[in-house]
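Note sheet for the following structure.
Note: hydrogens, waters and symmetry copies are ignored here, and every other heavy atom, side chains too, is used. Start at 1 with the first residue, then count along the sequence. Only a predicted model underlies this, so the values are computations on that prediction, with no experimental measurement involved.
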Amino acid sequence: MTTLWAVSDLHAAVKANTPQIDAIEPKDPSDWLIVAGDVAERHDLIVRTMAKLAQRFDTVIWVPGNHELFSRSADRHRGRDKYTALVQSMREMGVITPEDPYPVFGGVTICPLFTLYDYSFRGPGMSVEDAVEAARKRNIMMTDEFAIAPFVDVRAWCWDRLAYTTKRLSRISGPTILINHWPLVQEPTLKMRWSEIALWCGTRHTRSWPQRYNAQAVVYGHLHMPGVMQVDGIKHIEVSLGYPREWEPRLERPPVPFPYPVMEVGQ
């Protein structure tokens, strides 16, 4: 059997995560691997980690998370330029990105996506500014506001990505598996301890995509709450590792396997 595996949120800069990353191995040389974002923050570490995985698996598919986009003023690449530089590095090692032709695995089109967020997972009747200010008053503020937002208009970039992605997805016929770092529907965010964090967790404009584009499953990360949720009869699978304080308590009874076997086909 050839297996399509999936992981996300490896956070390779955390030394305690290294053994978990080193344990990501194929069961068969023909296996594929999805890496659904948040590999690391520094370009060089992202590339080194992905290169190791690319050497192990027949095919590796990557989508960026918010941590890949984190930048400092002194960095060579920031904002959209950093994403472009990462795509180039991935292509040089043969890793498939959201900018490449969608591969087909066992008759299913595998669609790596990059949609960002637009603060639309917010309370009814609230403006973006009101929602962000309310979160700030509760001392809830994502690092994105200091490491992504100063270098790019995130909402405008999100809307550009939505237009670009819908155009590409509309050309596909047949079943798909959709891969994104951020959840495509709001339901998973409703389980979070602090509801305000949902502001940085996706966009309402992807809500219809799983049904519209014939998804057999949706693979995502970001929330650090691995598990499977059925939404409109479609599996939404979070495959994140996260930080040691999160995955160590799950070692004996993990909510889902890591890596997660999304699909298997006979050779």
Side-chain angles (χ1 to χ4, degrees), residues 1-8 26 28 30-39 46 50-51 53-54 56-65 68-69 80 83-117 157-185 202-203 205-222 231-239 259-267:
M1 300 295 290
T2 297
T3 304
L4 173 64
W5 302 95
V7 298
S8 74
D28 187 275
S30 64
D31 287 356
W32 290 26
L33 178 68
I34 293 165
V35 182
D38 278 8
V39 175
I46 297 166
M50 292 300 299
L53 296 172
R56 300 172 193 169
F57 288 83
D58 178 84
T59 300
V60 174
I61 301 163
W62 166 84
V63 300
E68 276 95 341
L69 305 177
R80 297 189 188 217
Y83 174 62
T84 299
L86 283 168
V87 167
Q88 181 60 36
S89 293
M90 296 296 166
R91 285 173 166 172
E92 288 172 359
M93 67 180 86
V95 172
I96 297 169
T97 79
E99 308 311 307
D100 296 313
Y102 296 145
V104 177
F105 181 89
V108 177
T109 303
I110 312 302
C111 305
L113 314 177
F114 170 39
T115 63
L116 278 161
Y117 54 90
W157 196 6
C158 173
W159 296 332
D160 286 347
R161 295 300 310 182
L162 292 172
Y164 169 81
T165 306
T166 53
K167 186 176 181 179
R168 294 193 66 194
L169 290 174
S170 66
R171 299 171 181 158
I172 299 171
S173 60
T176 66
I177 290 174
L178 304 182
I179 306 159
N180 197 45
H181 177 66
W182 296 270
L184 295 183
V185 298
T203 168
H205 298 290
T206 58
R207 181 66 177 78
S208 65
W209 286 12
Q211 287 186 306
R212 187 192 308 174
Y213 301 118
N214 302 308
Q216 290 192 342
V218 175
V219 176
Y220 68 98
H222 191 58
V231 181
D232 297 326
I234 298 168
K235 284 185 179 180
H236 291 248
I237 310 162
E238 183 175 348
V239 295
Y260 186 90
V262 179
M263 182 179 170
E264 291 183 338
V265 295
Q267 295 183 17

For the side chain of [X] and the backbone of [Y], is there at least one donor-acceptor N/O pair under 3.5 Å apart?
{"X": "Arg168", "Y": "Cys111", "value": "no"}
{"X": "Thr97", "Y": "Glu99", "value": "yes"}
{"X": "Asp28", "Y": "Ser30", "value": "yes"}
{"X": "Thr176", "Y": "Leu178", "value": "no"}

Shortest non-hydrogen contact from [X] toward [Y]:
{"X": "Gln216", "Y": "Pro175", "value": "NE2-CB, 3.7 Å"}
{"X": "Ile234", "Y": "His236", "value": "O-CD2, 3.2 Å"}
{"X": "Ala54", "Y": "Val95", "value": "CB-CG2, 4.0 Å"}
{"X": "Val63", "Y": "Ala36", "value": "CG2-CA, 3.5 Å"}
{"X": "Val239", "Y": "Ala6", "value": "CB-O, 3.7 Å"}

Check: Is there a side-chain contact (heavy atoms from CB on, under 4.5 Å) between Thr206 and Leu162 once you walk through the steps?
Finding: CA-CA 8 Å; Thr206 58; Leu162 292 172; 3.6 Å; yes

Quick check for you: to the nearest 0.5 Å, what is the distance between [X] atom [atom1] and [Y] atom [atom2]?
{"X": "Thr165", "Y": "His205", "atom1": "OG1", "atom2": "NE2", "answer": "13.5 Å"}
{"X": "Phe57", "Y": "Asp31", "atom1": "CZ", "atom2": "CG", "answer": "6.5 Å"}
{"X": "Ser8", "Y": "Glu238", "atom1": "OG", "atom2": "CD", "answer": "6.0 Å"}
{"X": "Trp5", "Y": "Trp32", "atom1": "CH2", "atom2": "CH2", "answer": "15.5 Å"}
{"X": "Asn214", "Y": "Thr109", "atom1": "CG", "atom2": "OG1", "answer": "9.5 Å"}
{"X": "Leu33", "Y": "Ile61", "atom1": "CG", "atom2": "CD1", "answer": "8.5 Å"}

Less than 4.5 Å apart, side chain to side chain, heavy atoms only: is that true for [X] and [Y]?
{"X": "Tyr83", "Y": "Pro64", "answer": "yes"}
{"X": "Cys158", "Y": "Tyr117", "answer": "no"}
{"X": "Asn180", "Y": "Val218", "answer": "no"}
{"X": "Arg207", "Y": "Asp232", "answer": "yes"}
{"X": "Glu68", "Y": "Asp38", "answer": "yes"}
{"X": "Val35", "Y": "Met90", "answer": "no"}
{"X": "Ile177", "Y": "Phe105", "answer": "no"}
{"X": "Ser89", "Y": "Met50", "answer": "no"}

Determine whether Ile34 and Leu4 satisfy the following criterion, side-chain contact (heavy atoms from CB on, under 4.5 Å), listing intermediate values before the conclusion. CA-CA 7 Å; Ile34 293 165; Leu4 173 64; 3.9 Å; yes

request  = Please work out which of the three classes, parallel, tilted or perpendicular, describes the rings of Trp182 and His222, given edges at 30° and 60°.
outcome  = tilted

key: Criterion side-chain contact (heavy atoms from CB on, under 4.5 Å) on His181 and Leu69, from CA distance to verdict   = CA-CA 12 Å; His181 177 66; Leu69 305 177; over 6 Å; no

Please check if the distance between the ring centroids of Trp62 and Phe114 is under 6.0 Å. no

| said: Go through it in stages, so that I can follow the logic: the residues are Ile110 and Ile96, the test is side-chain contact (heavy atoms from CB on, under 4.5 Å), and I'd like the CA-CA distance, side-chain angles, deciding distance and then a yes or no. | reply: CA-CA 10 Å; Ile110 312 302; Ile96 297 169; over 6 Å; no

